[in-house]
Amino acid sequence: MEQLELSNCIADAARSAFAELQDLHSETFYYFTLTTTGEAHAPWPSAWSEEALKRVCAKYDDPDQAKRELRWSYADSPYCGFGEEHFGKVNSMFDQRPMIDDLSDDAWRDEYSFRLRAMESAMRRLDKEGLFGSNEDRDRCTIHVEVMPPDVTNTECAIRLNSQQALANWLNEVAGG
């Protein structure tokens, strides 16, 4: 399987999930991500909107503190995993990949990079299609491919996928800008 084939499959699934989310919720989305594990397993989608963040944070004793803590947390979003049903073929394709933990160190790094590049390429393609907005709307939205637990590749990928304007808040709040 070539990286382009895997990337196309991820893009198709993510396009379906994120478009469905936007169609069902007329909200101001500022964050879309594909998240994976430290072993680069198949990704899952997540997103945040300003409206969802406000609803979630209103339930806390200190909504402002909650907003700072939850704003970029894929896992705390009510939209974490939204559209996972579109990722069946992606999961199958990842299952067909080599068992990453059975690989030598060099082969492990190569396979890990292969998978992350496929995810990043998928998000880049969706961005070029305009799924995350255009012009000023796009500059208010950051897109990511994230590894959990977080590592430096998250910041590196975010920088490659977003304009400086789109990254400004994220870099200041998450990466220490």
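The six-membered or imidazole ring of Phe82 lies away from that of Trp44, with a centre-to-centre distance of 6.0 Å or more. Separation of the His144 and Tyr31 ring centroids falls under the 6.0 Å cut-off.
Ser77 meets the side-chain hydrogen bond (donor to acceptor under 3.5 Å, both in side chains) test with no other residue; sequence neighbours excluded. Ala14 is linked by a side chain to side chain contact (heavy atoms under 4.5 Å, CB included) to Phe18, Leu34, Phe87, Leu126, counting only residues two or more places apart in sequence or in another chain.
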- Should Glu50 and Arg71 be marked as a salt bridge (charged side-chain N to carboxylate O under 4.0 Å, His left out) after you check the CA-CA gap, both sets of side-chain angles, and the distance that decides it? CA-CA 9 Å; Glu50 296 293 349; Arg71 184 168 206 37; 2.8 Å; yes
- Check against side chain to side chain donor-acceptor pair (under 3.5 Å), Glu20 and His86: CA-CA 10 Å; Glu20 181 180 344; His86 299 290; 2.7 Å; yes
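Residues Asp151 and Thr153 bring a donor and an acceptor atom of their side chains to less than 3.5 Å of each other. Under the 3.5 Å distance criterion, with hydrogens and angles disregarded, no donor-acceptor pair is assigned to the side chains of Gln3 and Ser121.
Two residues are said to be in side-chain contact when any heavy atoms from C-beta on lie closer than 4.5 Å; Trp72 and Thr142 meet this criterion.
A cation-pi arrangement, defined by a distance under 6.0 Å to the six-membered ring centre and an angle within 45 degrees of its axis, is present between Arg97 and Phe114.
Under the 3.5 Å distance criterion, the side-chain polar atoms of Arg138 are left unmatched by any main-chain donor or acceptor of Phe132. Within the 3.5 Å criterion, the main-chain N or O of Met123 finds no donor-acceptor partner in the side chain of Asp127. Asp139 contributes no side-chain N or O that, together with a main-chain N or O of Gln165, makes up a donor-acceptor pair within less than 3.5 Å.
Remark: Glu120 does not engage Arg125 in a salt bridge, criterion side-chain N to carboxylate O under 4.0 Å.
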